[in-house]
Structures are given as structure tokens and as C-alpha cells.
Amino acid sequence: MIEILNPPDLARAKETGALVAHILQTLKSRSAVGTNLLDIDRWTQDMIVEAGARSCYVDYEPSFGRGPFGHYICTSVNDAVLHGLPYDYTLADGDLLSLDLAVSKNGVAADSAVSFIVGGSNPPESVAMISATERALNAGIAAAGPGARIGDISHAIGSVLSEAGYPINTEFGGHGIGSTMHQEPHISNTGRPGRGYRLRPGLMLALEPWVMADTAKLVTDADGWTLRSATGCRTAHSEHTIAITDDGAEILTLPK
């Protein structure tokens, strides 16, 4: 299903997007050496409940996961890149942490992810990889506008990631979003311009470039959810929810 939102829906989407951005920035500021992933999950739950919102993850049960997710946020550390199931792990200096959050409020969802390094260490390779996903995300957003096609976004994202030297996995990518978290169209992180669905005002998309340092192959963790790099290399993930407007693309999950 491809959903086109009306102006009142988009107004609610801005509120949801602001909430997701606020929660992620709060979690980023609180995630330090010694923080447990389960603490991050509890903090997320508290903030969602306090805002009168609903988690898109707790009851989420897609074909690629093992049963309901059962947690409020994805916490992916180092070689984990997507769908990181929170568990009893204490963050160490230099860990690369990706937080991915989707929330629904007043019937509209928003989805965003951020990657950062914990503590005072700044491994150059990890810094470069995070930067590449952020630049690719910005390129994808710049390519999105009324009349553009999904392939234009995919091509813009993939060009940045390829030029930075990273292999690109096409199993998971961006997606439509609106009254539910995951909708059509699928947005691959590489593709050909001028192809695919034509964008129109009212369409909401979640764009999410992610990479693994030296492989495009994923393996599923024993928990049935967490996706890791097949070689054990580090990974990074950046994501924003955008709305297509008459003037271009508006980022709904941009931190204030």
C-alpha cells in the first residue's frame, strides 16, 4: 500500500517526528560508558508513555523476525547494524552504537536512526563510516521532491556510499510510512535514476542508508532479530522520515 496523507495527517506527522527526534537525542546524550542497553530500552519506554504515544516495535512481528520484537528501540552495537534487540550489555569506550526508533502518535508514525561512538574514543574508520551514511541520507533527501522517482533517491544514496568505498546490501532499505510504520514503496540504497514510483505531495518516506565496513552480507543473530555483518566488521545506520511537499522534501525527524 502506498499512502498519501492529507494536510491534517501531515500536521500530526510533524508532531510525531519531533517526538522521535527528541527521544533519540535524549538517548544519545545519556548513552555513555557503563550504560546498559536495557536501560536505554526502559528510558525509551518511559518517554513514549509520557508523551501519550505508542511504540511501533513492541508487538511488531514480521516474517524476518522471531516472534514479537518485545522492546521499544533497536540498539545495534559494533557489528550489529539493523533490528538490534536490546539485551544485557554494558557499553564500553569506543563502541559504535546505532539507535533506531519508530513511534506512532495520533495515528501517524515516524521513524529515525542515529549512529555514534560511545565515550571519548573516535576511531577514524568508524567516524568515516558514520559520516558516509549521513552524507548519503542528505543526498537522498535532496533528490526527493514532487515529480522525482524512487530510483532517483536510491541512486543518490548509492552514489555516496559507493564513492566512499562501502559494499551495499539491497535486502533492507528505506520505505513508505504513514498510518503504519512499514509501507510501500521500498527504497533500495542503490538504484537507477528515473525508475520506480513517482513522488507526489503527501507521501511520507523513511530513508535509511546503512553500511558494513567490508561486506554486503548479513547474518542473523541467535536472538532471531539482530542483523550483523557476516565478517564481524563494524556498521553504521542513519535515517530520517521525510514528507514530500510542493516545494521538495521536509525532514520530520530533524533534531531541534
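What you see below is based on every heavy atom in this structure, not just the backbone, and it leaves out hydrogens, waters and symmetry mates. Numbering starts at 1 and runs along the sequence shown.
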Fill in: Counterpart residues, salt bridge (charged side-chain N to carboxylate O under 4.0 Å, His left out), relative to Lys14 (two or more places apart)
Glu250

Discussion item. Test of understanding: clusters of I, L, V, M, F, W, Y form through side-chain heavy atoms closer than 4.5 Å, transitively. Do Trp225 and Met181 belong to the same one?
Written reply: yes

Worksheet entry | Arg149 side chain reached by Arg198 side chain, heavy atoms, under 4.5 Å | yes

Practice prompt. Could you tell me whether the side chain of Thr253 and the main chain of Ala18 form a donor-acceptor pair under 3.5 Å?
Written response: no

Item to complete: For the pair Lys105 (side chain) and Ala51 (backbone), establish whether a donor and an acceptor sit closer than 3.5 Å, ignoring hydrogens and angles.
Response: yes

Worksheet item: Is there side-chain contact between Thr220 and Arg66, with at least one heavy-atom pair below 4.5 Å?
Response: no

Worksheet item: Cluster question for you: counting only ILVMFWY and a side-chain heavy-atom cut-off of under 4.5 Å, with indirect links fine, are Val49 and Leu99 together?
Response: no

Worksheet entry | Side chain to side chain, Asn138 and Arg135, heavy atoms closer than 4.5 Å | no

Discussion item. So Cys233 and Thr215, do their side chains get closer than 4.5 Å, heavy atoms only?
Written reply: yes

Discussion item. Looking at every heavy atom in both Thr235 and Ala80, which two are closest together, and how far apart are they?
Written reply: OG1-O, 2.7 Å

Worksheet item: Are more than 12 heavy atoms from other residues, nucleotides or ligands located less than 6.0 Å from atom CG of Asn122?
Response: yes

Worksheet item: What are the two closest non-hydrogen atoms of Thr75 and Pro86, and how far apart are they?
Response: OG1-CA, 3.3 Å

Discussion item. For Glu171 versus His186, what's the shortest heavy-atom pair and its separation?
Written reply: O-CE1, 4.4 Å

Worksheet item: Side chains of Ser31 and Leu91: does their closest heavy-atom pair fall under 4.5 Å?
Response: yes

Worksheet item: Any luck finding a side-chain donor-acceptor pair between Asn189 and Tyr166 under 3.5 Å?
Response: no

Worksheet item: Looking only at side chains, do Ser115 and His237 share a donor and an acceptor under 3.5 Å apart?
Response: no

Fill in: Same cluster (ILVMFWY, side-chain, under 4.5 Å), Tyr197 and Ile187
yes

Fill in: Any side-chain heavy-atom pair of Ser112 and His240 under 4.5 Å
yes

Worksheet entry | Partner of Leu205 by side chain to side chain contact (heavy atoms under 4.5 Å, CB included), out of Thr241, Ile177, Leu199 | Leu199

Worksheet item: Can Val58 be reached from Val20 by stepping across I, L, V, M, F, W or Y side chains whose heavy atoms are under 4.5 Å apart?
Response: yes

Practice prompt. May I ask you to decide if Asp247's main-chain N or O and Thr245's side chain share a donor-acceptor pair within less than 3.5 Å?
Written response: yes

Worksheet item: Does Thr16 reach the main-chain N or O of Val108 with its side chain, forming a donor-acceptor pair under 3.5 Å?
Response: yes

Response to the item:
Taking every heavy atom of Arg228 against every heavy atom of Val77, the minimum-distance pair comes out as NH1-O, 4.1 Å

Practice prompt. Using modelled atom types only, decide if a donor and an acceptor are shared between the side chain of Asp152 and the backbone of Gly194 within a distance under 3.5 Å.
Written response: yes

Worksheet item: Can you check whether Ala113's main-chain N or O pairs, donor with acceptor, with Glu208's side chain at less than 3.5 Å?
Response: no

Item to complete: Say whether, by atom type as modelled, one donor and one acceptor occur between the side chain of Asp41 and the main chain of Tyr72 under 3.5 angstrom.
Response: yes

Response to the item:
In terms of heavy-atom contacts, Pro167 and Ala213 come closest through CD-O, 4.0 Å

Discussion item. Assess, by modelled atom type and distance only, whether the side chains of Ser238 and Thr133 contain a donor and an acceptor separated by less than 3.5 Å.
Written reply: yes

Worksheet item: When you measure from the side chain of Arg54 to the backbone N and O of Ser104, does any donor-acceptor pair fall under 3.5 Å?
Response: no

Fill in: For Thr44 against Leu101, the heavy-atom pair lying closest together
CG2-CD1, 3.7 Å

Worksheet item: Going from CH2 on Trp43 to CG on Leu38, what distance comes out if it is rounded to the nearest 0.5 angstrom?
Response: 11.0 Å

Worksheet item: Is a donor on one side and an acceptor on the other found under 3.5 Å between the side chain of Arg234 and the backbone of Ser126?
Response: no

Practice prompt. Verify whether the ring centers belonging to Tyr57 and Phe69 lie closer than 6.0 Å.
Written response: yes

Discussion item. Could you check whether any side-chain heavy atom of Asp221 comes within less than 4.5 Å of a side-chain heavy atom of Asp223, counting everything from C-beta outward?
Written reply: yes

Worksheet entry | Neighbour count above 12 (heavy atom, 6.0 Å) for His22 NE2 | no

Worksheet item: Could you give the distance from CG (Leu161) to CH2 (Trp210), rounded to the nearest 0.5 Å?
Response: 10.5 Å

Worksheet item: So do the side chains of His83 and Thr226 get within less than 4.5 Å of each other, counting heavy atoms only?
Response: no

Discussion item. Under 4.0 Å between a side-chain nitrogen and a carboxylate oxygen: does that hold for Asp39 and Arg42?
Written reply: yes

Worksheet, complete the sentence: Residues at least two apart in sequence or cross-chain that pass side chain to side chain donor-acceptor pair (under 3.5 Å) with Thr170, listed by chain then number, are none

Worksheet item: Say you draw a straight line from CG of Asp9 to OG of Ser179; how long is it, rounded to the nearest 0.5 Å?
Response: 8.0 Å

Discussion item. Just by distance, no angles: are the side chains of Thr26 and Arg30 close enough, under 3.5 Å, to form a donor-acceptor pair?
Written reply: no

Worksheet item: With hydrophobic residues grouped by side-chain heavy-atom distances under 4.5 Å, do Ile130 and Val81 end up in a single group?
Response: no

